[in-house]
K.L.:
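Encoded as structure tokens, here's the structure I'll be asking about.
Lettering follows sequence order; numbering is per chain, from 1. Small disclaimer: the values here were computed from a predicted structure and weren't measured.
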There are 2 protein chains.
Amino acid sequence: MRVSRQLLERAEDALKDSGLPPLAWYDVLHELAEAGEGGLRPFQLTERTLFAQYNISRLLARLEADGLVEKLPVADDGRGQTVRVTDKGRETRRRMWAVYGRSIAELVGSRLSNDELDALSALLGRLRVPPAPE
Amino acid sequence: MRVSRQLLERAEDALKDSGLPPLAWYDVLHELAEAGEGGLRPFQLTERTLFAQYNISRLLARLEADGLVEKLPVADDGRGQTVRVTDKGRETRRRMWAVYGRSIAELVGSRLSNDELDALSALLGRLRVPPAPE
DNA sequence: TGACGATCGATGCAAATGCATCTATATAGA
DNA sequence: TCTATATAGATGCATTTGCATCGATCGTCA
């Protein structure tokens, strides 16, 4: 818990210092970028990111207000919508990764060997619910 | 990050379900309990818990309002105060630990062997800033 | 078809957080 | 001693989170 908080805090600080949005935006942009043109439904984002439903709802509103994502009505479900990342959103994600990735490299990559990283990843994977695949 | 968020969320849920305060209270009560009769200065709590200064200030106000801690003036520094856990605070911490500890056992202890726990602890310790002792 | 419970997403309100700044006291230096 | 700077802790204000609930649509079953 202590380590995760520390890493999180440092990564957030690095983003802030670069005038970039908070990490939560990255998580969403990342998922949407991986999803590609088809986009994702908000409820799929809540599943993948571990943000609460109301949190995703508001996060998306902010992202849309900034032009980083767009919401499209979905054909076969009148309740829902599909969210797709825009070019600007992709660009923002790229800039965030430059900073976020550097933080990870500095705080984690440079402190553990590749074997140790693999070991850590395997151990943490066992704590996931449901257990990580592989 | 994903694992830590998941663990945190589950532990918070368990506390809430038992009608107990959030985890942040536990962190502070724990530090104060370890500090004993002498208590701690608020700024020492900010160092040990990784909460921001203003956060500790308000957290202590809530804890005091609930009678879990008491603030005493400190003799040789007119700016400061010493915070000490009360009996009620100790009792609350005990009750929280019953729930929190069970969560840890369930979510972590039961999923990894003792050797694996040691390995995980050692790896994470290397990520601490400053690096964990030992 | 019509009624009913479930699901999707949004939102009003209260509480917590982040940020900047404030007051008060302490410490250092001219 | 007097002034300037640093430190301890609190707080006003804006933003974000958490909780409960809402409106709307979907799916199911009589």
Side-chain angles (χ1 to χ4, degrees), chain A residues 5-6 8-28 31-32 39-66 69-84, chain B residues 5-6 8-28 31-32 35 39-66 68-84:
Chain A
R5 269 223 301 251
Q6 211 167 46
L8 214 51
E9 192 178 294
R10 300 228 169 188
E12 291 280 14
D13 285 351
L15 287 170
K16 214 169 311 174
D17 290 348
S18 304
L20 291 168
L23 219 36
W25 291 36
Y26 180 85
D27 288 354
V28 169
E31 292 297 337
L32 289 177
L40 287 175
R41 301 281 300 269
F43 75 89
Q44 294 178 297
L45 282 169
T46 65
E47 290 164 2
R48 301 181 192 205
T49 60
L50 298 187
F51 287 119
Q53 179 268 322
Y54 55 80
N55 226 324
I56 285 290
S57 174
R58 286 175 174 141
L59 196 40
L60 288 176
R62 282 171 234 151
L63 288 167
E64 190 185 26
D66 262 43
V69 306
E70 53 189 355
K71 296 181 178 177
L72 310 167
V74 51
D76 60 339
D77 188 341
R79 294 166 302 181
Q81 53 192 285
T82 293
V83 183
R84 205 164 57 187
Chain B
R5 268 224 301 252
Q6 211 168 48
L8 215 50
E9 192 177 294
R10 300 228 170 189
E12 291 281 14
D13 285 351
L15 287 170
K16 215 169 310 175
D17 290 348
S18 305
L20 291 167
L23 220 36
W25 292 35
Y26 180 85
D27 288 354
V28 170
E31 292 297 338
L32 290 176
L40 287 176
R41 301 280 301 267
F43 74 88
Q44 296 178 296
L45 282 169
T46 67
E47 290 163 2
R48 302 182 191 205
T49 60
L50 299 186
F51 288 117
Q53 180 268 323
Y54 55 80
N55 226 324
I56 286 291
S57 174
R58 293 203 257 234
L59 196 40
L60 288 175
R62 282 171 234 151
L63 288 167
E64 190 185 25
D66 261 43
L68 305 183
V69 306
E70 54 189 354
K71 297 180 177 177
L72 311 167
V74 50
D76 60 341
D77 187 342
R79 296 167 301 182
Q81 53 193 286
T82 292
V83 183
R84 204 165 56 186

K.L.:
Whole-Å distance between D:dA6 P and B:Arg79 CZ?
P.N.:
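Between P of D:dA6 and CZ of B:Arg79: 13 Å.
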K.L.:
Are the side chain of A:Glu9 and the backbone of A:Gln6 linked by a donor-acceptor contact shorter than 3.5 Å?
P.N.:
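Checking the backbone N and O of A:Gln6 against the side chain of A:Glu9, no donor-acceptor pair under 3.5 Å is found.
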K.L.:
Within this structure, what is the CD-to-P distance between B:Gln53 and C:dC22, rounded to whole angstrom?
P.N.:
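From B:Gln53 CD to C:dC22 P: 15 Å.
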K.L.:
Output yes when at least one side-chain N/O atom of B:Lys16 is less than 4.0 Å from OP1 or OP2 of D:dG18, else no.
P.N.:
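For D:dG18, OP1/OP2 do not have a side-chain N/O of B:Lys16 under 4.0 Å.
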K.L.:
Look at A:Asp27 together with B:Arg5 and state whether they make a salt bridge at an N to O cut-off of under 4.0 Å.
P.N.:
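Salt bridge present between A:Asp27 and B:Arg5.
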K.L.:
Map A:Asp13 and A:Ile56 onto DNA chain C by nearest heavy atom, then report which one ends up closer to the 5' terminus.
P.N.:
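Looking at DNA chain C, the more 5' nearest nucleotide goes with A:Ile56.
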K.L.:
Does OP1 or OP2 of C:dG18 have a side-chain N or O of B:Arg58 closer than 4.0 Å?
P.N.:
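So the side chain of B:Arg58 is outside the cut-off, no N or O lying under 4.0 Å from OP1 or OP2 of C:dG18.
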K.L.:
Check the distance between C:dC8's P and A:Leu40's CG and give it to me in whole angstrom.
P.N.:
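Going from A:Leu40 (CG) to C:dC8 (P), I get 14 Å.
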K.L.:
Look at B:Lys71 and D:dA8 and indicate whether a side-chain polar atom (N or O) is within less than 4.0 Å of OP1 or OP2.
P.N.:
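The answer is no; no side-chain N or O of B:Lys71 sits under 4.0 Å from OP1 or OP2.
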K.L.:
With a 4.0 Å cutoff (strictly under), does any side-chain N or O of B:Arg62 reach OP1 or OP2 of C:dT17?
P.N.:
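Looking at the OP1 and OP2 atoms of C:dT17, one of them is under 4.0 Å from a side-chain N or O of B:Arg62.
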K.L.:
What integer distance in Å separates B:Leu8:CG from D:dT17:P?
P.N.:
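So the two atoms are 14 Å apart, to the nearest Å.
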K.L.:
Just by modelled atom types, is the A:Leu45 backbone N or O under 3.5 Å from a matching donor or acceptor in the A:Thr49 side chain?
P.N.:
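Looks like yes, one N/O pair under 3.5 Å.
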K.L.:
Within this structure, what is the CD-to-C1' distance between A:Glu12 and C:dC19, rounded to whole angstrom?
P.N.:
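To the nearest whole Å, that distance equals 14 Å.
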K.L.:
Just N and O in the side chain of B:Tyr54: are any of them under 4.0 Å from OP1 or OP2 of D:dA10?
P.N.:
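For D:dA10, OP1/OP2 do not have a side-chain N/O of B:Tyr54 under 4.0 Å.
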K.L.:
Taking the cut-offs as 6.0 angstrom to the six-membered ring centre and 45 degrees off its axis, would you call A:Arg48 and A:Phe43 a cation-pi pair?
P.N.:
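No, A:Arg48 does not lie over the aromatic ring of A:Phe43.
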K.L.:
Between B:Glu12 and B:Leu23 (side chain of the first, backbone of the second, donor and acceptor by atom type, cut-off under 3.5 Å), is there such a pair?
P.N.:
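Yes.
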K.L.:
Would you say a side-chain N or O of A:Asn55 is under 4.0 Å from OP1 or OP2 of D:dT16?
P.N.:
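A:Asn55 to D:dT16 OP1/OP2: no side-chain N or O under 4.0 Å.
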K.L.:
Measure from CZ on B:Arg5 to P on D:dG18 and round the result to the nearest Å.
P.N.:
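It is 10 Å, rounded to the nearest whole Å.
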K.L.:
Could you state the CG-C1' distance from A:Leu23 to D:dT17, rounded to the nearest angstrom?
P.N.:
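Atom CG in A:Leu23 sits about 16 Å away from atom C1' in D:dT17.
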K.L.:
B:Gln81 side chain N/O closer than 4.0 Å to the phosphate oxygens (OP1, OP2) of D:dA10?
P.N.:
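True: B:Gln81 side-chain N/O within range (under 4.0 Å) of D:dA10 OP1/OP2.
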K.L.:
Roughly how many Å is it from CG in B:Leu59 to C1' in C:dT17, rounded to a whole number?
P.N.:
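That distance rounds to 12 Å.
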